[in-house]
Amino acid sequence: MRVRFAPSPTGSLHIGGARTALFNWLLARGAGGRFVLRIEDTDLKRSTAENVEQILDALRWLELDWDEGPVFQSSLEERHREAVKTLLEGGRAYRSNATAEDVAAFKRRHGDDRGFRGEDEGEGAIRLRVPDDGDTAFEDLVVGEVRSPNRAMDDLVVARADGTPLYNLAVAVDDLDLEITHVIRGNDHLTNTAKQLLIIEALGATAPRYAHLPLLHGPDGKKLSKRHGAASVQELRAAGYLPAAVRNYLALLGWGAGDDETILSTQELIRRFDIARVQRNPAQFDEQKLRWMNGRYMRELSLEELTAALADFYGRDDLGPAAAISAEKLQTLAEFWPLCGFIYDGPVDDPAARERWLGAEGREVLVEIRDALASMEPFDEPSIEAALGAVVERRGLKPRDVYQPLRVALAGRPVSPGIFETVAVLGRDAVLARIQAALNL
RNA sequence: GCCGCUAUCGUCUAGGGGACUAGGACGCCGCCCUCUCACGGCGGAAACCCGGGUUCGAAUCCCGGUAGCGGUACCA
């Protein structure tokens with residue numbers, strides 16, 4: 001088995017594209033086949049080195065390794081020219097100067113459901129001769145039988161007047177050349193398949209199997225785009241998601257394992273993925289569920305792994321202590337700093353929190369806490385908890401009325417990791433200094 | 001317009017003629033846990049697009065309608 005993923009080199013790897021890549025990869029890995037990368041760049045303008053590198057980088061981040069490529073369509077141009085020659089010589093294609101207007105006029109004469117049929121003019125663009133009778137049909141691995149009448153299809157242009165190939169010809173020839181056995185792509189290519197089948201048939205070759213994945217939509221049912229938040233793999237990465245969680249979530253978008261399992265490791269995904277079970281209707285990308293799933297994966301990370309992920313995300317390697325006390329509160333890597341940044345940067349500025357917790361009573365409590373923590377030994381979590389608990393009891397207050405003023409003094413805001421852990425991580429000097437600073441406000 | 005694809009809770013889905021008072025997950029609501037926020041636990045509301053057929057029996061099969069999406073380039 002040889003499958004190929006063929007992204008357009010537009011610079012960003014769209015989430016829908018990432019899912020297509022994932023399904024190709026799962027299929028290849030599950031069957032011990034080859035995963036080939038081909039860059040669709042018939043329109044040479046877009047395939048800049050930077051754009052291609054960004055796509056490859058997104059794939060690397062997702063840990064979808066490829067066995068061959070990237071192969072550039074343009075590098076196969078000689079083969080495309082040969083194919084055009086074969087078509088012309090075999091009488092399966094002809095040269096025509098017919099314009100879009102000519103095509104429209106033809107339809108006015110023969111009816112809207114009649115495809116354009118031209119004459120050989122010996123010059124102009126190269127058009128494939130589409131048969132008038134019969135259907136072009138194929139058994140799609142996802143959709144099932146797809147059948148379309150030949151008479152409704154225009155004689156399609158396969159190469160420009162200057163001989164350069166067009167997409168449908170390039171794809172058909174490349175898939176043949178690379179000996180691709182399974183083409184898995186988005187449903188937006190479904191109607192291209194009949195054209196490619198016609199080209200392959202005219203070339204006398206055998207077509208690969210096809211599987212068309214349902215498209216991905218945003219929360220409003222419209223095509224997924226920037227305005228829905230993250231729309232590309234790069235944005236997912238920047239939003240602090242874990243590759244394994246993204247793979248798990250994407251795999252379940254349009255495919256179900258068939259039972260009630262939701263959290264599936266990549267090994268499980270490979271083992272159980274079945275292209276025939278892929279959903280036929282389009283799915284909406286729901287970032288809330290991804291966040292939940294990412295949280296599950298975050299909590300399964302060891303402290304070492306989490307610290308490494310944070311180091312990679314924030315570019316600093318001193319985050320371990322804060323990671324240790326905040327791990328179960330994080331859904332994404334990006335949530336770490338808003339929650340724990342105060343440990344490194346000092347208390348944040350939150351007037352409402354000061355107003356609420358650092359009034360006269362709060363300050364009295366802080367003084368008592370300061371005195372209790374000042375001389376306590378050792379300065380560790382159990383003794384901190386005991387010391388603070390004693391303050392609660394002595395003053396006859398609810399725990400929160402003691403802990404929240406302290407929290408606001410240390411973090412500046414009413415939300416932080418557990419208070420005992422936070423005090424321990426900050427250390428005595430920093431805690432006493434922050435309490436004093438809060439009292440001096 | 002024409003050609004094609006699709007249709008189960010708000011969302012992702014299970015369902016392959018009787019096991020369906022339609023199951024799970026996210027989200028939402030309530031309760032519990034609790035130093036905040038989370039995590040976790042328990043409970044709840046929430047769906048078969050509409051109309052015909054086939055059948056003893058339809059979410060499931062067929063047809064029609066409607067809706068959504070895609071394609072309809074000398075773009076990819």
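Here is how names work: the chains are called A, B, and so on, in the same order as the sequence lines, proteins then strands, and each is numbered from 1. Please read all numbers here as calculations on a predicted model, not as lab measurements. Every heavy atom of this structure was used, including side-chain atoms; hydrogens, water molecules and symmetry mates were not.
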Q: Treat primed atoms plus P, OP1 and OP2 as sugar-phosphate and everything else as base, then score nucleotides 31-38 of chain B 5' to 3': B for base contact with protein heavy atoms under 4.0 Å, S for sugar-phosphate contact only, - for none.
A: ----BBBB
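- If you find the closest nucleotide of RNA chain B to E145(A) and to A98(A), the one lying nearer the 5' end belongs to E145(A).
- Applying a 4.0 Å cut-off to non-hydrogen atoms, the residues of residues 122-142 of chain A that approach RNA chain B are A125(A), R127(A), listed by residue number.
- Distance from the side chain of T262(A) is smallest for A25(B) among the nucleotides A25(B), G70(B), C5(B).
- Remark: D154(A) pairs with K107(A) by the salt bridge (Lys or Arg N to Asp or Glu O under 4.0 Å) rule, at least two apart or across chains.
- Among the heavy atoms of the strands, none lies under 4.0 Å from P214(A).
- The partner of U34(B), taking Watson-Crick or G-U wobble pairs whose two distances both stay under 3.5 Å, does not exist in any strand shown.
- Using a 4.0 Å heavy-atom distance criterion, R147(A) is classed as a sugar-phosphate-only contact.
- Counting to the nearest Å, the C1' atom of A76(B) and the CD atom of Q73(A) are 8 Å from each other.
- In this structure, of C2(B), G4(B), C74(B), it is C2(B) that holds the atom nearest to the side chain of D112(A).
- For H217(A), the listed nucleotide lying nearest its side chain is C69(B); candidates were C69(B), C5(B), G10(B).
- Considering only heavy atoms from C-beta on, V146(A) comes within 4.5 Å of L190(A) through its side chain.
- Here E145(A) pairs with E139(A), R147(A) under the side-chain contact (heavy atoms from CB on, under 4.5 Å) rule; sequence neighbours left out.
- Across all strands shown, nothing is found opposite G57(B) as a Watson-Crick or G-U wobble partner with both distances under 3.5 Å.
- Under the Watson-Crick or G-U wobble criterion, with both distances below 3.5 Å, U66(B) is paired with A7(B).
- Residues from residues 264-283 of chain A placing a heavy atom under 4.0 Å of any atom in RNA chain B, listed by number, are R277(A), Q279(A), R280(A), N281(A), P282(A), A283(A).
- Taking 90° from 0 as the syn/anti boundary, the base of C39(B) is oriented syn.
- Residues satisfying the side-chain contact (heavy atoms from CB on, under 4.5 Å) test with A424(A), not counting sequence neighbours, are E381(A), I384(A).
- For D113(A), the side chain to side chain donor-acceptor pair (under 3.5 Å) criterion is met by no residue, not counting sequence neighbours.
- One atom, CG of L166(A), and another, P of C74(B), lie 7 Å apart when rounded to the nearest Å.
- Distance from the side chain of H189(A) is smallest for A76(B) among the nucleotides U72(B), C5(B), A76(B).
- Using a 4.0 Å heavy-atom criterion, one finds that D162(A) contacts no nucleic acid atom at all.
- Using Watson-Crick or G-U wobble geometry with both donor-acceptor distances under 3.5 Å, A45(B) finds no partner in any strand shown.
- Summary of the strand contacts: P165(A) and G254(A) both lie near RNA chain B, and taking for each the nucleotide with the nearest heavy atom, the more 5' one is attributed to G254(A).
- Listed nucleotides: U11(B), G70(B), C26(B). Nearest to the side chain of D188(A): G70(B).
- The closest donor-acceptor contact from the side chain of S96(A) to the backbone of A98(A) lies under 3.5 Å.
- The separation between L216(A) atom CG and U11(B) atom P is 14 Å, rounded to whole Å.
- Judged by Watson-Crick or G-U wobble contacts below 3.5 Å, the nucleotide A22(B) has no partner.
- Among residues two or more places apart in sequence or in another chain, the side-chain contact (heavy atoms from CB on, under 4.5 Å) test is passed with I55(A) by P7(A), L13(A), L59(A).
- Listed by chain and residue number, R38(A) satisfy the salt bridge (Lys or Arg N to Asp or Glu O under 4.0 Å) test with D174(A) (two or more places apart in sequence, or in another chain).
- Annotation: side chain to side chain donor-acceptor pair (under 3.5 Å) contacts of E53(A) (sequence neighbours excluded): R60(A).
- The number of heavy atoms from other shown groups lying within 6.0 Å of CD (E268(A)) is above 12.
- Checked against salt bridge (Lys or Arg N to Asp or Glu O under 4.0 Å), R354(A) has the following partners two or more places apart in sequence or in another chain: D349(A).
- Dense packing is recorded around CG of D162(A), with more than 12 heavy atoms of other residues, nucleotides or ligands lying under 6.0 Å away.
- A side chain to side chain donor-acceptor pair (under 3.5 Å) check over residues 411-422 of chain A, counting only residues at least two apart or in different chains, returns the pairs R407(A)-S416(A).
- Atom name C1', nucleotides C28(B) and C69(B): the rounded distance is 28 Å, in whole Å.
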